[in-house]
Amino acid sequence: MTTPDAVPLSGPRFQTDPARLYREMRRDHGSVVPVLLDGDILAWLVLGYRELHQVTGDPVLFSRDSDLWNQWENIPADWPLLPMIGRKQPSILYTVGERHRQRAAMVSNALEAVDPFEMRGHAERFADELIDALCAEGEADLIAQYAMLLPVRVLARLYGFSDEEGPGLVTALNDMIDGRERALAGQAHLAGSMARLVADRREKPADDVVSRMLADDSGFSDEEIVQDLMVMMAAGHQPTADWIGNSLRLMLTDDRFAASLFGGRNSVAEAMNEVLWEDTPTQNVAGRWAARDTRLGGRAVRTGDLLLLGLQGANSDPQVRTHASELTGGNNAHFSFGHGEHRCPFPAQEVAEVIARTGIEVVLDRLPDIDLAVPADSLARRPSPWLRGLTRLPVRFSPVPAR
């Protein structure tokens, strides 16, 4: 893989204007773009809708088995992307073939049994608690004080944690996702909490996600279930928090969605779907590895090459979005939840949608005259090519009493 014109997958443009950056990548390199990861590690970024469909739909040729990577000899032990592109772990992310299908079924069945009305009730209760803590002030940051606190509380309750354990899990998970000095401590807290919950439910089953996973007869070990629960918690929390934040930003800055701020519910779902097309929380995903030499989008892909899934780039592919300025309506043919056997399980998508929609509706119900407290063009994003979310969403509103 010799690509002297490879594009660094880093820098402020992923924060300021990724849509334009993806357009320029597609113009200069086509649908499969050579990119450089930290430490000048080469990979391919798949931006074409058709090409991404091919990669995610062929798990034999484009495998999830990271042991295939032809760059491991160049990866230092302290490489910052190892948590994202690591060697095989005993989790659903790195399982392939029939064992993966069994594992995905275990997770899907455990989530599918969640009562949607009960889940919405949990989401409303936690959302109301968070609004109660800020509604008398007349101003708030809806990222730090709301969106980043809500999904993990609901997920913890569904999994079987007590409400008292929720705040500690919120802190641990957000520390882990931040990737700074508290990241390892956060990961350790989360792992320890999951292991204790699994051990407890092994002794005393209950009506919760963990107990249903333990009751599955596919023979997965407690360690494997702990790993899957950590993956599910991280994958369910941060993108859902960003879905809430990105949707509220759209509704507060785009006149097309202003009706939502005056009691209209239909445009909440429309704004959420628009975000999945235009501003999806999960921009790029690692990854797949080529099991043999092949060609993709006119590129010669070699055995062991890493292919990154450019979800946002594919969503904005002009071959499928011929009228990109038009609202997407009910069209959900986006890649925001992935595709193929490693896509986000459908019950998990439903969980995320219920949490996000409930979170947005509670804000609009409780703070009906909410408005941005800063100019829209001053809202900043996290400088990440992977997850796209706001660092802050300052708002103002008429103070109201807590419930």
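At distances below 3.5 Å, not a single donor-acceptor pair connects side-chain atoms of S211 with backbone N or O atoms of P205. With N109 contributing its side chain and A105 its backbone, the two residues share a donor-acceptor pair below 3.5 Å. Formation of a donor-acceptor pair under 3.5 Å by the Q283 side chain with backbone atoms of T280 is found in this model.
For R27, the CZ atom counts as densely surrounded, since its 6.0 Å shell holds more than 12 non-hydrogen atoms of other residues, nucleotides or ligands. At most 12 heavy atoms of other shown residues, nucleotides or ligands fall within 6.0 angstrom of atom CD in E353.
Between L150 and T358 the shortest side-chain heavy-atom distance does not fall below 4.5 Å. The closest side-chain heavy-atom distance from R249 to R381 is below 4.5 Å. Between V362 and L130 the shortest side-chain heavy-atom distance does not fall below 4.5 Å. In this structure the side chain of S66 reaches within 4.5 angstrom of the side chain of W289, judged on heavy atoms. Put simply, the side chain of F62 does not reach to within 4.5 Å of the side chain of V46, judged on heavy atoms. With a 4.5 Å cut-off on side-chain heavy atoms, M232 and V209 count as touching. Put simply, the side chain of L364 reaches to within 4.5 Å of the side chain of M251, judged on heavy atoms. Looking at heavy atoms from C-beta onward, R382 lies out of side-chain contact with R388 at the 4.5 angstrom threshold.
Taking the charged nitrogens against the carboxylate oxygens, R196 and E165 have no contact shorter than 4.0 Å, which rules out a salt bridge. A salt bridge links E24 to R13: one of the charged nitrogens lies within less than 4.0 Å of a carboxylate oxygen. With respect to R157 and D163, a salt bridge is recorded, a charged nitrogen being found less than 4.0 Å from a carboxylate O.
Across all non-hydrogen atoms, the minimal contact from A376 to T253 is CB-CG2, 3.7 Å. Residue P399 comes nearest to A136 through the heavy atom pair CB-O, 3.5 Å, listed as atom of the first residue, atom of the second, then distance. Residues L229 and M213 share a closest heavy-atom pair of CD2-SD, 3.8 Å. When all heavy atoms are compared, the tightest approach of L37 to A43 is CD1-CB, 4.2 Å. R396 approaches A373 most closely through the heavy-atom pair NH1-CA, 3.3 Å. Across all non-hydrogen atoms, the minimal contact from G313 to R26 is O-NH2, 2.6 Å.
Taking the side-chain hydrogen bond (donor to acceptor under 3.5 Å, both in side chains) definition, one finds that D207 meets it with R212, sequence neighbours left out. Judged as a side-chain hydrogen bond (donor to acceptor under 3.5 Å, both in side chains), and not counting sequence neighbours, D17 has no contacts. Residues passing the side-chain hydrogen bond (donor to acceptor under 3.5 Å, both in side chains) test with S398, sequence neighbours excluded: D369. Not a single side-chain hydrogen bond (donor to acceptor under 3.5 Å, both in side chains) links E350 to another residue, sequence neighbours left out. Residues satisfying the side chain to side chain contact (heavy atoms under 4.5 Å, CB included) test with N70, not counting sequence neighbours, are D305.
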Please report, to 0.1 Å, the donor-acceptor pairs under 3.5 Å made by any side chain of residues 138-149, with sequence neighbours excluded.
residue : atom : partner : partner atom : Å
D141    : OD1  : I143    : N            : 3.0
D141    : OD1  : L393    : N            : 2.8
Q145    : OE1  : D141    : N            : 2.8
Y146    : OH   : G359    : O            : 2.7

Legend entry - Pair W79-N74, side-chain contact (heavy atoms from CB on, under 4.5 Å): steps then yes or no: CA-CA 10 Å; W79 196 50; N74 300 319; over 6 Å; no

Inset, instruction - Using the side-chain hydrogen bond (donor to acceptor under 3.5 Å, both in side chains) rule, take N284 and Y22 through it: C-alpha gap first, then chi angles, then the decisive distance, then the call. - result: CA-CA 11 Å; N284 300 298; Y22 295 136; 3.0 Å; yes

Legend entry - Pair E361-R120, salt bridge (charged side-chain N to carboxylate O under 4.0 Å, His left out): steps then yes or no: CA-CA 11 Å; E361 289 176 348; R120 182 175 175 88; 2.8 Å; yes

Inset, instruction - Could you walk me through whether R299 and W44 pass side-chain contact (heavy atoms from CB on, under 4.5 Å), step by step? - result: CA-CA 9 Å; R299 297 284 188 174; W44 300 107; 3.7 Å; yes

Legend entry - Derivation and outcome, side-chain contact (heavy atoms from CB on, under 4.5 Å), residues F161 and V210: CA-CA 10 Å; F161 287 106; V210 170; over 6 Å; no

Legend entry - W69 vs I41, side-chain contact (heavy atoms from CB on, under 4.5 Å): CA-CA, chis, key distance, verdict: CA-CA 11 Å; W69 200 12; I41 300 298; 3.6 Å; yes

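Classified by interplanar angle (parallel below 30°, tilted 30° to 60°, perpendicular above 60°), the ring pair H53/Y49 is parallel.
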